[in-house]
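Have a look at the structure below, then the notes.
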Amino acid sequence: MDWYIAQVPSETSLHKGPFGRTTFLNATLSQKHMRAIAHTRLPRDLARCVEYNVMWQLARLDCVQQAVGSQKVTERTELLSVDLAKTGEVRTRVEFAESGVIHFQNFCLRFPLGPVNYFSAFPIFREGAPTTDVDSRSGWVLPFNRPSSILLLPLLTLTLILTFHHLHPFLSLPTLISLALVAAAAAAYLSANRSLPVLLLNYSCHLPEPEHRSTFDLCEYFGMSSRRYSVESADFMRAIYRKSGLGDETYAPPYFFQTDPEARFEFAVVEAEDGMFSAVASLLSKAAVAPERISHVVVACSMFSPAPSLASHLVSRFGFPPGVKTYNLSGMGCSAGTVGMDLAAQILRRSTGYALLVVTESTGLNWYYGDNRHMLVTNCIFRVGTAAVLLTSDAAARPAAKFELLHTLRSHHGADDAAYNAAIQADDGNGGIGVALTKDLVRVAGAALRSHISTIAPRVLPASELLRYAWRFASSLARGEKAAARAHVPDFTKAFEHMCIHSGGKAVIDAIGRIMGFDERVTEAARMSLHRFGNTSSSLVFYELGYFEAKGRIRRGDRVWMLAFGTGFKACSTVWRALRDGSMDPDSPWRGCVHRYPVNLTTRAPKVGKI
């Protein structure tokens with residue numbers, strides 16, 4: 001087999017390809033009219049990220065027509081192999097049709113090995129944002145930007161003053177000028193303080209390596225081989241696992257697969273970096289945004305806060321600019337992702353910029369060895385997962401954005417002792433540290449949910465549904481049925497087409513579905529995400545969003561409700577509107593398995609004997 005080989009240097013020029021903003025790397029080879037085209041928006045030393053992009057773009061390049069002289073040439077490119085980690089090679093097969101004659105040729109692109117800083121080689125990945133303002137609601141492009149509008153305002157005002165004075169000379173000119181100056185000052189103040197729209201450009205969810213899959217047998221072997229659990233504790237964890245709603249395709253932390261059980265901090269760093277680096281690299285690649293454009297980095301990880309911070313790890317890895325503002329959130333529990341989105345939105349509404357939100361959790365560092373049953377539950381339901389989200393208030397990015405943020409709401413119920421202690425990290429009394437999920441957790445979550453929805457309902461529900469709810473509530477009170485009146489809940493399916501409910505566990509999903517009156521289809525994404533990935537903490541709502549997109553259910557204009565609960569006790573919501581139809585991305589964690597979902601969860605898992 002003959003191969004035409006092209007060495008790709010670290011200094012390589014990029015230019016636009018035939019798909020609008022998409023950038024291609026073109027290696028011109030010796031054969032006439034033949035080119036191997038590989039998509040490398042951000043070709044980094046992260047092999048898997050580049051593999052995703054190559055496979056994605058080659059799928060889009062299934063048939064590319066090019067004008068060669070007076071003839072039209074059709075190329076069909078097929079990916080043969082990608083091995084950027086060891087050999088740095090991308091091998092493709094090109095079917096080349098010219099004048100009705102079909103030719104075949106094999107090409108090999110060789111990338112430099114090692115941690116090459118491709119960002120310095122490719123400083124510009126897309127054109128700079130235009131200087132015009134875009135109305136986020138109408139989409140109209142204004143003829144001037146905000147600073148120039150403020151400068152033109154006095155001129156327009158002066159013209160109106162002179163015209164009005166000419167028509168009504170009985171009004172004194174100083175009076176008209178005073179009124180005009182007040183109007184101009186008010187207009188300038190409103191222009192400077194208006195809230196900018198917040199857009200979700202894209203997001204990526206980390207998919208660990210297949211060899212890190214966590215089956216029931218693996219968990220049982222890991223627990224028993226540690227020789228740190230009593231027989232009663234082992235039986236308790238088996239029972240919890242069987243009714244947890246988790247399947248056998250979740251992912252365990254790297255700590256599970258090492259030989260030194262005391263090397264917990266070292267593998268906590270490995271776990272955090274593996275998820276964060278993979279998700280962020282894939283996200284920046286998909287969004288075609290260079291690191292130099294990131295103005296804010298928000299990292300949310302409840303149970304792991306090293307020094308330097310995880311945000312600093314990202315700055316060091318991706319080379320974000322010196323002016324980047326970093327924020328590190330800890331102790332927020334499973335609501336950290338929605339809290340991080342609210343924080344980023346508050347920042348972006350005040351100034352144009354790009355905010356990178358990374359949501360992860362450290363499961364290996366917080367694996368509990370002991371016999372406290374409230375703390376043993378976390379071993380059974382928490383698994384590895386990370387999500388990276390790119391938000392912006394740049395109106396020029398609206399055509400490429402997936403969602404627009406409509407509402408955020410955070411409520412804190414920590415003043416109540418039961419709510420505060422429902423999920424808490426503590427000493428078990430025997431020197432062990434763990435997170436205790438008490439029996440009050442489901443009740444507290446239900447109470448927090450009722451209080452939370454009473455605040456968000458008037459903001460999102462249509463007037464017809466609010467009136468219907470008020471009528472039902474008043475009718476129950478008139479009949480003296482106070483308990484029934486309190487049980488009434490508005491139909492939130494009238495406000496949202498899709499709901500990403502944090503899958504804290506099967507019992508939590510059941511409680512939310514019962515309180516809100518949701519059927520199985522509404523809670524499907526939460527249950528299937530829990531089954532496929534386990535409780536990945538605050539990143540799980542993005543795996544649920546990926547489920548909706550992989551199923552092709554999101555349509556332009558659809559509203560998405562993200563609802564999460566966290567320690568403290570907190571309830572947090574974010575409401576999005578889809579700006580375009582959703583589809584499964586090449587790096588979607590559901591790729592290759594979504595066709596098997598939804599699965600039947602009514603059948604109980606078979607009992608497994610003791611070791």
Side-chain angles (χ1 to χ4, degrees), residues 198 200 202-207 245 250 275 279 283 298-302 329 332-345 357-361 381-391 402-403 405-411 445 448-449 452-453 456 460 492 496-506 508-509 512-513 516 518 522-551 553-554 558-567 570-578 582 585 588-590 597:
V198 177
L200 190 154
N202 219 317
Y203 67 97
S204 288
C205 297
H206 172 56
L207 184 67
T250 61
L283 173 62
V298 181
V299 177
C301 182
S302 293
L329 306 180
M332 294 291 181
C334 298
S335 65
T338 48
V339 171
M341 281 187 284
D342 179 61
L343 172 60
L357 170 65
V358 181
V359 188
T360 187
E361 194 51 270
I381 62 175
F382 281 94
R383 294 295 182 266
V384 171
T386 301
V389 186
L390 188 58
L391 304 171
K402 283 190 171 185
F403 299 92
L405 184 63
L406 300 181
H407 304 283
T408 61
L409 177 65
R410 294 162 56 184
S411 56
L449 176 61
H452 190 75
I453 62 176
I456 198 173
V460 298
F492 276 83
F496 310 111
E497 284 74 26
H498 314 284
M499 302 185 194
C500 301
I501 304 168
H502 171 65
S503 308
K506 182 177 179 295
V508 174
I509 300 174
I512 294 175
M516 301 293 290
F518 292 155
V522 176
T523 60
E524 177 186 317
R527 297 185 189 278
M528 297 306 108
S529 298
L530 181 66
H531 180 272
R532 176 63 179 86
F533 300 102
N535 184 349
T536 65
S537 190
S538 52
S539 64
L540 195 55
V541 289
F542 294 102
Y543 287 85
E544 296 179 36
L545 183 60
Y547 181 82
F548 284 123
E549 288 203 299
K551 285 291 187 180
R553 295 178 183 173
I554 293 183
D558 284 358
R559 294 152 299 177
V560 181
W561 183 21
M562 288 185 174
L563 174 65
F565 303 95
T567 55
K570 296 181 286 294
C572 304
S573 289
T574 56
V575 179
W576 304 89
R577 181 175 61 232
D585 286 345
S588 171
W590 293 98
Y597 286 88

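FYI, side chains are in, hydrogens and waters are out, and symmetry mates aren't considered; it's all heavy atoms of this structure. Numbering starts at 1 and runs along the sequence shown.
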Can you name the ring pair (Phe, Tyr, Trp, His ring centres under 6.0 Å) partners of [X], sequence neighbours left out?
X	value
His531	Tyr597
Tyr543	Phe533
Phe382	none

*Go through Tyr203 and Leu390 one step at a time and tell me if the side chain to side chain contact (heavy atoms under 4.5 Å, CB included) criterion holds.*
CA-CA 6 Å; Tyr203 67 97; Leu390 188 58; over 6 Å; no
Atom of [X], atom of [Y] and distance for their closest heavy-atom approach:
X	Y	result
Gly505	Leu530	C-CD2, 3.9 Å
Leu329	Gly340	CD1-CA, 3.9 Å
Gly337	Leu357	O-CD2, 3.7 Å
Ile509	Thr523	CG2-CB, 4.0 Å
Ile554	Ala578	CG2-CB, 3.7 Å
Trp590	Gly546	CD1-C, 3.6 Å

Do [X] and [Y] have side chains that get closer than 4.5 Å, going by heavy atoms?
X	Y	result
Thr386	Val358	yes
Val560	Cys500	yes
Asn535	His502	yes
Asn202	Leu283	yes
Glu549	Lys402	yes
Val460	Phe496	yes
Leu409	His452	yes
Phe492	Val522	no

_Contacts of type salt bridge (charged side-chain N to carboxylate O under 4.0 Å, His left out), residue Arg527, not counting sequence neighbours_ =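 Once residues adjacent in sequence are excluded, the partners of Arg527 under the salt bridge (charged side-chain N to carboxylate O under 4.0 Å, His left out) criterion are Asp510, Glu520.
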*Please name all residues satisfying salt bridge (charged side-chain N to carboxylate O under 4.0 Å, His left out) with Asp558, sequence neighbours left out, ordered by chain then number.*
none
In chain order, what residues pass the side-chain hydrogen bond (donor to acceptor under 3.5 Å, both in side chains) check against [X], with sequence neighbours excluded?
X	result
Thr338	none
Trp576	Thr574
Thr567	none
Ser529	none

*Of Ile453, Leu449, Ile456, Val575, the residue whose pairing with Leu563 passes side chain to side chain contact (heavy atoms under 4.5 Å, CB included)*: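 Exactly one option meets the side chain to side chain contact (heavy atoms under 4.5 Å, CB included) with Leu563, and it is Leu449.
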Could I get the full list of side-chain contact (heavy atoms from CB on, under 4.5 Å) partners for [X], not counting sequence neighbours?
X	answer
Ser538	Ala336, Val359
Ala525	Glu544, Tyr547, Phe548
Val508	Ile512

*Does Glu524 come within less than 4.0 Å of Arg553, counting only side-chain N to carboxylate O?*
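A salt bridge is present here (some side-chain N lies under 4.0 Å from a carboxylate O).
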*Trace of the side chain to side chain contact (heavy atoms under 4.5 Å, CB included) decision for Met341 with Met562*: CA-CA 11 Å; Met341 281 187 284; Met562 288 185 174; 3.7 Å; yes
If I take atom [atom1] from residue [X] and atom [atom2] from residue [Y], how far apart are they, to the nearest 0.5 angstrom?
X	Y	atom1	atom2	result
Phe565	Ser573	CZ	OG	8.0 Å
Arg559	Arg577	CZ	CZ	9.5 Å
Arg383	Ser537	CZ	OG	13.5 Å
Ser302	Met332	OG	CE	8.0 Å
Leu200	Leu405	CG	CG	9.0 Å
His407	Asp342	NE2	CG	13.0 Å

_Evaluate Arg410 against Val339 for side chain to side chain contact (heavy atoms under 4.5 Å, CB included), listing each step before the verdict._
CA-CA 8 Å; Arg410 294 162 56 184; Val339 171; 3.8 Å; yes
